[in-house]
Amino acid sequence: MEDTSSLIQIRIDKIKEIRENFGVNPFPYRYDITAYSKEIIDNFDSYFESEKKVSVAGRIMAMRVMGKASFCTIQDRDGKIQLYLAENKLGDEIYSLFKKLDLGDIIGVKGIVKKSKTGEITVFADEFTLLTKNIRPLPVVKEKDGETFDLFADKELRYRNRQIDLIVTPGVKETFLKRIQIIKNIKRILDSKEFLEVETPVLQPVYGGAAASPFTSHHNALDINLYLRISLEPYLKRLIVGGFDRVYEIGKCFRNEGIDRTHNPEFTMLELYQAYGDYNDMMALAEELIVDTVMKVNGSPKVNFDGKEIDLTTPWKKIKMTDAIKEYSGLDVMAMSDEDLQAAVKKHGGELKGDYIRGLAINELFELLVEDKLIAPTFVTHQPVETTPLCKPDIEDERFLQRFELFINGTEFANAYSESNDPVFQRKTLYDQSLRREVDEEAPPMDENFVQAIEAGMPPTGGMGIGIDRLVMLLTGESTIRDILLFPTMKPE
RNA sequence: GAGACGCUAGCUCAGUCGGUAGAGCAACUGCCUUUUAAGCAGUGGGUCCGGGGUUCGAUCCCCCGGCGUCUCACCA
């Protein structure tokens, strides 16, 4: 969208002409809409019989001028509708103003609803008002019998100019409306269970709750570095300590990593914490949140993704990580020696950072051999204790955690713990993790204030994180994260 | 991080075996009172991503760079 100067200049000149020759303000202040396109089309009979006048407004998407009468198609909030404008109804002057308009202009029309000779539902204009003059031409996308022509195909331009994409590319608006519905429904369910929606700091002096490289910023007045959060966990847990009992936040997290089909530097996470609950409660809640939402937005528990049909009907399979490895690869990691584990990781192309740690080797084997095979929803439980410092060990076998990860279509959709709340244990595990920074730059630094918060006493708590973007991708069938983010991160032009 | 591919008019794309370029839509000027990818006639519109090289001559060939798309790898 660069040098369109001559096309733009022609339209700027039109603005002047409209003001001077027609005495019309091309940018008036308001307009009363009484009906939207979809409602009129859905209820044509009653509009037709009542001969009630409607006021509609929208953007001109197509114009068919035939001398002294014209058809044009406008697009409003809900869809498209055809208008009929005739010189003998509107008068010479206003009709000739209409003929000067361009695709992309926004107009309002008042008139009655009838069908044209070819049967198309049409608003026959008695009055016509220019509401906004466009000066930057839109891509022209044509349509016939559901087939589209000259689609706005350049993905880069679509992402950089999403407002244009929303106007001209069929289906884009619907995808984002669905995203909005998904988030709204999740909030509705959590609100109904007395979870409180809260807002916690995005700018943090110490980041944590995950392993990732942060974005670093600087506060001038305080002369300190601040980090954009990589997770919501540390502050939400402070609120559990503070007595809120059930909290959640749906918000942006930021990770300074690569960009690809499933990763954007800023992305939306849901994290929720339930005092006096554990990871089993989180499992039930995960099923309810996702299944209720898919039913609400899609009307079916089955979704099509990557050409696969995925059935989200509950209950979902539950399997311990070590059993999953056995089931999918035949390796009995419980019976394997450390040497055999190391050899197996190497054999399958894995890599272990720093000194050998048995639990991390088991987790690595899971990622190498099992993860992408878990297409139907599967709760993988009992990860090795070394995989996270923030989770309680299982009662029956302290080498493993009271944790689950939910996998669908080979990717992680949720991660939940019986949250660690033993402050002595917590201080040790977080300190140990901070030491790993020497071999793993993604390990977060020690967070003394967080540990002190836990020292005040955090009740037994179940917590869960769900990647909202991936959930939206699953339920919309979009396989590229950029297609479900209104404004994905782009390099500057 | 690797590979493939792409970047030509506002949009979608052709094209030039190296001689500075075309279509459709959009725009502009006419005609047209039931059209719908409206139609008919005419007109204008381009740093062919940027820089260097080869060449009499580069948008085309070569090199470097930029940006992008896709695939793979990485990613608590």
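Residue numbering restarts at 1 for every chain, and letters A, B, ... go by the order of the sequence lines. As the structure is a prediction and not an experimental result, all values here were calculated from the model.
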> Taking the side chain as C-beta and beyond, is there a heavy-atom pair between Thr387(A) and Phe366(A) under 4.5 Å?
Replying inline: no

>> So for Tyr84(A) and U33(B), does any side-chain atom that can act as donor or acceptor lie under 3.5 Å from a complementary atom in the base?
In response: yes

> Which of these passes side-chain hydrogen bond (donor to acceptor under 3.5 Å, both in side chains) with Lys392(A): Thr461(A), Asp278(A), Asn421(A)?
Replying inline: Asn421(A)

> Can you tell which of A26(B), U34(B), A76(B) lies closest to the side chain of Ser116(A)?
Replying inline: U34(B)

>> Treating Glu266(A) as the side-chain partner and Lys252(A) as the backbone partner, does any N or O pair qualify as donor plus acceptor under 3.5 Å?
In response: no

>> Nearest whole Å is fine: how far is C70(B) P from Asp306(A) CG?
In response: 13 Å

> Does Phe487(A) have Arg162(A) sitting over its ring (NZ/CZ under 6.0 Å from centre, angle to axis within 45°)?
Replying inline: no

> Which residues within residues 65-77 of chain A lie with some heavy atom under 4.0 Å of an atom in RNA chain B?
Replying inline: Val65(A), Met66(A), Gly67(A), Lys68(A), Ala69(A), Phe71(A)

> Between Leu138(A) (CG) and U12(B) (C1'), how many Å, whole number?
Replying inline: 15 Å

> Looking for any heavy atom pair under 4.0 Å, which part of the strands does Glu120(A) touch: base, sugar-phosphate only, or nothing?
Replying inline: base

>> Looking only at side-chain N and O atoms, does Asn264(A) offer a donor or acceptor that is under 3.5 Å from a partner on Arg482(A)?
In response: no

> Say you pick atom P in C25(B) and the same atom in G65(B); how far apart are they, in whole Å?
Replying inline: 42 Å

>> Less than 4.0 angstrom between a side-chain N/O of Lys114(A) and OP1 or OP2 of U34(B), yes or no?
In response: no

> Quantified in whole Å, what is the P atom distance between nucleotide C64(B) and nucleotide A4(B)?
Replying inline: 13 Å

>> In whole Å, measure the gap between the C1' atoms of G46(B) and G52(B) for me.
In response: 23 Å

> Going by heavy atoms in the side chains, are Phe254(A) and Pro265(A) under 4.5 Å from each other?
Replying inline: no

> Nearest nucleotide by nearest heavy atom, which residue falls closer to the 5' end of RNA chain B, Leu101(A) or Gln433(A)?
Replying inline: Leu101(A)

> Would a 4.5 Å heavy-atom cut-off, applied to side chains only, mark Lys110(A) and Asp126(A) as touching?
Replying inline: no

> Honestly, is Lys114(A) close enough over Phe124(A), meaning NZ or CZ under 6.0 Å from the six-membered ring centre and within 45° of the axis?
Replying inline: yes

> Does some side-chain heavy atom of Asp92(A) sit less than 4.5 Å from a side-chain heavy atom of Glu87(A)?
Replying inline: yes

> Want to settle it: does Arg11(A) or Gly258(A) sit nearer the 5' end of RNA chain B, counting the closest nucleotide to each?
Replying inline: Arg11(A)

> Does Ile164(A) offer a backbone N or O that forms a donor-acceptor pair with the side chain of Asn161(A) under 3.5 Å?
Replying inline: no

>> Tell me the interatomic distance from Ile10(A), atom CD1, to U29(B), atom C1', rounded to whole angstroms.
In response: 12 Å

> With rounding to whole Å, what would you report as the distance between G19(B) and A58(B) at their C1' atoms?
Replying inline: 10 Å

> Any sub-3.5 Å donor-acceptor pair from Gln433(A)'s side-chain atoms to Ala443(A)'s backbone N or O?
Replying inline: no

> When the distance from CD1 of Ile481(A) to P of C70(B) is rounded to whole Å, what number comes out?
Replying inline: 13 Å

>> For A37(B) and Lys144(A) - does any side-chain N or O of the residue sit under 4.0 Å from the phosphate oxygens OP1/OP2?
In response: yes

> Atom CD of Gln9(A) to atom P of G45(B): distance rounded to whole Å?
Replying inline: 16 Å

>> Can you measure Arg261(A) atom CZ to A73(B) atom C1' for me and round it to whole angstrom units?
In response: 13 Å

> A26(B) and G18(B): how far apart are their C1' atoms, nearest whole angstrom?
Replying inline: 33 Å

> Taking only N and O in the side chain of Arg64(A), is any of them less than 4.0 Å away from OP1 or OP2 of A38(B)?
Replying inline: yes

> Parallel under 30°, tilted from 30 to 60°, perpendicular over 60°: which one fits the rings of Phe379(A) and Trp316(A)?
Replying inline: tilted

> What nucleotide, of C25(B), U34(B), A73(B), holds the atom closest to the side chain of Asp260(A)?
Replying inline: A73(B)

> Of the nucleotides U35(B), C28(B), U71(B), which has the atom closest to the Lys14(A) side chain?
Replying inline: C28(B)

>> Taking the P atom in each of G3(B) and U43(B), what is the distance between them to the nearest angstrom?
In response: 50 Å

> Is the backbone N or O of Thr268(A) less than 3.5 Å from a side-chain atom of Asp469(A), with the two atoms forming a donor-acceptor pair by type?
Replying inline: yes

>> I need the CZ-C1' distance between Phe98(A) and U33(B), as an integer number of Å.
In response: 13 Å

> Donor-acceptor pair under 3.5 Å: do we get one between Gln82(A)'s side chain and the base of U35(B)?
Replying inline: yes

>> Looking only at the side chain of Phe124(A) (C-beta and beyond, no hydrogens), which of the listed nucleotides A76(B), U69(B), U34(B) gets closest?
In response: U34(B)

> With a non-hydrogen cut-off below 4.0 angstrom, is Ala153(A) in contact with a base, only sugar-phosphate, or nothing?
Replying inline: sugar-phosphate

> Which part of the nucleic acid, if any, lies within contact of Asn88(A), taking any heavy atom under 4.0 Å across all strands shown: a base, the sugar-phosphate backbone alone, or nothing?
Replying inline: base

> In residues 438-447 of chain A, which ones come under 4.0 Å of RNA chain B, going by heavy atoms?
Replying inline: none

>> From the set C11(B), A76(B), A37(B), return the single nucleotide nearest to any side-chain atom of Phe149(A).
In response: A37(B)

>> What's Arg482(A) touching, base or sugar-phosphate or nothing? Going by heavy atoms closer than 4.0 Å.
In response: sugar-phosphate

> Without hydrogens or angle criteria, can the side chains of Tyr417(A) and Thr388(A) be said to hold a donor-acceptor pair below 3.5 Å?
Replying inline: yes

>> Please report the distance separating the P of U59(B) from the corresponding atom of U54(B), rounded so that it comes out in whole Å.
In response: 15 Å

> Of the nucleotides G68(B), A76(B), U33(B), which has the atom closest to the Ala86(A) side chain?
Replying inline: U33(B)

> Do Val113(A) and Phe48(A) touch side chain to side chain, with heavy atoms closer than 4.5 Å?
Replying inline: no

>> Requiring both pairing distances under 3.5 angstrom, list the stems that contain RNA chain B and are made of three or more consecutive Watson-Crick or G-U pairs.
In response: B:1-7 with B:66-72, B:10-13 with B:22-25, B:27-31 with B:39-43, B:49-53 with B:61-65

>> Taking G51(B) as the reference, what is the distance to G45(B) when you measure between their P atoms (whole Å, please)?
In response: 23 Å

> Counting just side-chain N and O atoms, does Lys155(A) come under 4.0 Å of either OP1 or OP2 of C70(B)?
Replying inline: yes

